[in-house]
There are 2 protein chains.
Amino acid sequence: MGIIRKTESVEILLNEFQDTETALSTVELITRLGKFMNKTTIYRILEKLEDDGILHSFIGFDGVKRFARCKSCSKSNHSDVHPHFQCISCGKSECLDIEVNIPDMSNREVLFSQLLIKGKCDLCMV
Amino acid sequence: MGIIRKTESVEILLNEFQDTETALSTVELITRLGKFMNKTTIYRILEKLEDDGILHSFIGFDGVKRFARCKSCSKSNHSDVHPHFQCISCGKSECLDIEVNIPDMSNREVLFSQLLIKGKCDLCMV
DNA sequence: CTTACATTTGCAACTAAGTTGCATTAATAA
DNA sequence: TTATTAATGCAACTTAGTTGCAAATGTAAG
């Protein structure tokens, strides 16, 4: 079930993803937006936005779900197979604009894949 | 801190990983071995075995940690960068013996990466 | 074989992420 | 403007994983 109504909560949430390729964890969003809306609402809206192909998600190395804006996804085709990068210094995680070629597999049907990279981002490399 | 003593619990746990490339989730291990040892013990032994380079772990699409045998890891070098496959039909997840070449990145320091693939395994493809 | 002592274990209580049911509130079409 | 249906808040719950501490057990030295 996707978004049907453009409510205030939806707009506030979408605003957080404006003009950025940074991925935000649910936890992060709850601390940021907790005064504007309930955490349940945050979880529910994120789920709907993902269904609609507006956001995509991945599980970080800490097991916490993160969301980021989609570039070329649709309701039917969540094909955002770019890698995600997580910085061990500042904790920031972001989408990488790099093509990943999934190894060919004869005896398995690949439906989705995600590459997660851990390291130091440009600002933390020193 | 790695394994110091070869206790009964350690042996029972290691047995589960014998002769298989299948990855087991902590939850799965707790249901299997819960009658032999406490879940805290399971968590602690798994952590130690990972420290020792005997097991390696990854977080599945469901956010649950999974463990599998290492082939060429050591205490210092946990370089098991093979992809992991998770079947959406039977739920089984396993290590894949495939090389993954991580895309070159000029402005980031890559320390670790994991490729997670979702699909149907050979038995569930039909 | 026995002792001594450090490591492991079990237990219970806790934390933190995420979910559910239900009554209330708000958006939208008529 | 109202009726209807979706969205929200709240509280209570579930589940994965963690912590502190006392009791049990493995191991090396005698």
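Values reported hereafter were calculated over all heavy atoms of this structure, with side chains retained and with hydrogens, waters and symmetry mates removed. Convention: sequence-line order gives letters A, B, ...; per-chain numbering from 1.
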*asked:* Between C1' on dA17(C) and CZ on F61(A), what's the gap in Å once rounded to a whole number?
replied: 19 Å

*Has the side chain of H56(B) got a donor or acceptor atom that lies under 3.5 Å from a matching backbone atom of R69(B)?*
yes

*Would you mind reporting whether K65(A) and L46(A) have side-chain heavy atoms less than 4.5 Å apart?*
no

*How close or far is atom P of dA7(D) from atom NZ of K6(A), stated in whole angstroms?*
13 Å

Filtered N/O pairs between nucleotides 18-23 of chain D and protein, under 3.5 Å:
{"residue": "dT19(D)", "atom": "O4", "partner": "T40(B)", "partner atom": "OG1", "Å": "3.4"}

Below 3.5 Å between N/O atoms, which protein atoms pair up with nucleotides 3-5 of chain D? Just atom names and distances, please.
{"residue": "dT5(D)", "atom": "O2", "partner": "R5(A)", "partner atom": "NH1", "Å": "3.3"}
{"residue": "dT5(D)", "atom": "O2", "partner": "R5(A)", "partner atom": "NH2", "Å": "2.5"}

*Tell me: NZ of K65(A) to P of dA16(C), nearest whole Å?*
21 Å

*Send over the distance from R66(A) CZ to dA17(C) C1', rounded to a whole Å.*
12 Å

*Does a side-chain heavy-atom distance below 4.5 Å link H82(B) with E21(B)?*
no

*Are F67(B) and I59(B) grouped together when hydrophobic residues (ILVMFWY) are joined by side-chain heavy atoms under 4.5 angstrom apart?*
no

*Nearest listed nucleotide, side chain of T7(B), among dT9(C), dG18(C), dT27(D)*: dT9(C)

*side chain to side chain contact (heavy atoms under 4.5 Å, CB included) with E16(B): which residues, sequence neighbours excluded?*
L24(B), L29(B), R32(B), L33(B)

*In terms of hydrophobic clusters joined by side-chain contacts under 4.5 Å, are L111(B) and F85(A) together?*
no

*Q114(B) side chain to F58(B) main-chain N or O, any donor-acceptor pair under 3.5 Å?*
no

*asked:* Looking at T20(B) and F17(B), would you say the former's side chain and the latter's main chain have a donor-acceptor pair under 3.5 Å?
replied: no

*Has E8(A) got more than 12 heavy atoms of other residues, nucleotides or ligands less than 6.0 Å from its CD?*
no

*Roughly how many Å is it from CG in D52(B) to P in dT8(C), rounded to a whole number?*
10 Å

*Rounded to the nearest angstrom, tell me the gap between atom CG in D62(A) and atom C1' in dA16(D).*
13 Å

*Examine dT8(C): is either OP1 or OP2 under 4.0 Å from a nitrogen or oxygen in the side chain of K48(B)? Give yes or no.*
yes

*asked:* Using whole Å, what does the distance between atom P of nucleotide dG17(D) and atom CD of E50(B) come to?
replied: 12 Å

*Report yes if at least one side-chain N or O of T41(B) is closer than 4.0 Å to OP1 or OP2 of dG10(C); otherwise report no.*
yes

*asked:* Whether the side chain of Q86(B) engages the backbone of G60(B) through a donor-acceptor N/O pair (distance < 3.5 Å, no angle test) should be reported.
replied: no

*Identify, with sequence neighbours excluded, every residue that meets side chain to side chain contact (heavy atoms under 4.5 Å, CB included) alongside V64(B).*
S25(B), T26(B), V27(B), D62(B), R66(B)

*asked:* Membership question, hydrophobic clusters at under 4.5 Å side-chain separation (ILVMFWY): are I88(A) and F61(A) in the same one?
replied: no

*Linking I/L/V/M/F/W/Y whenever their side-chain heavy atoms sit closer than 4.5 Å, directly or via other members, would I117(B) and M125(B) fall into one cluster?*
no

_Of residues 26-36 of chain B, the positions that come close to DNA chain D - non-hydrogen atoms, cut-off under 4.0 Å_ = T26(B), V27(B)

*Axial bend angle, the helix from dC1(C)-dG30(D) to dA30(C)-dT1(D): five-pair end segments, nearest 10°*: 40°

*Send over the distance from I42(B) CD1 to dA16(D) C1', rounded to a whole Å.*
13 Å

*So if you build clusters from Ile, Leu, Val, Met, Phe, Trp, Tyr with side-chain heavy-atom gaps below 4.5 Å, do L55(B) and F36(B) land together?*
yes

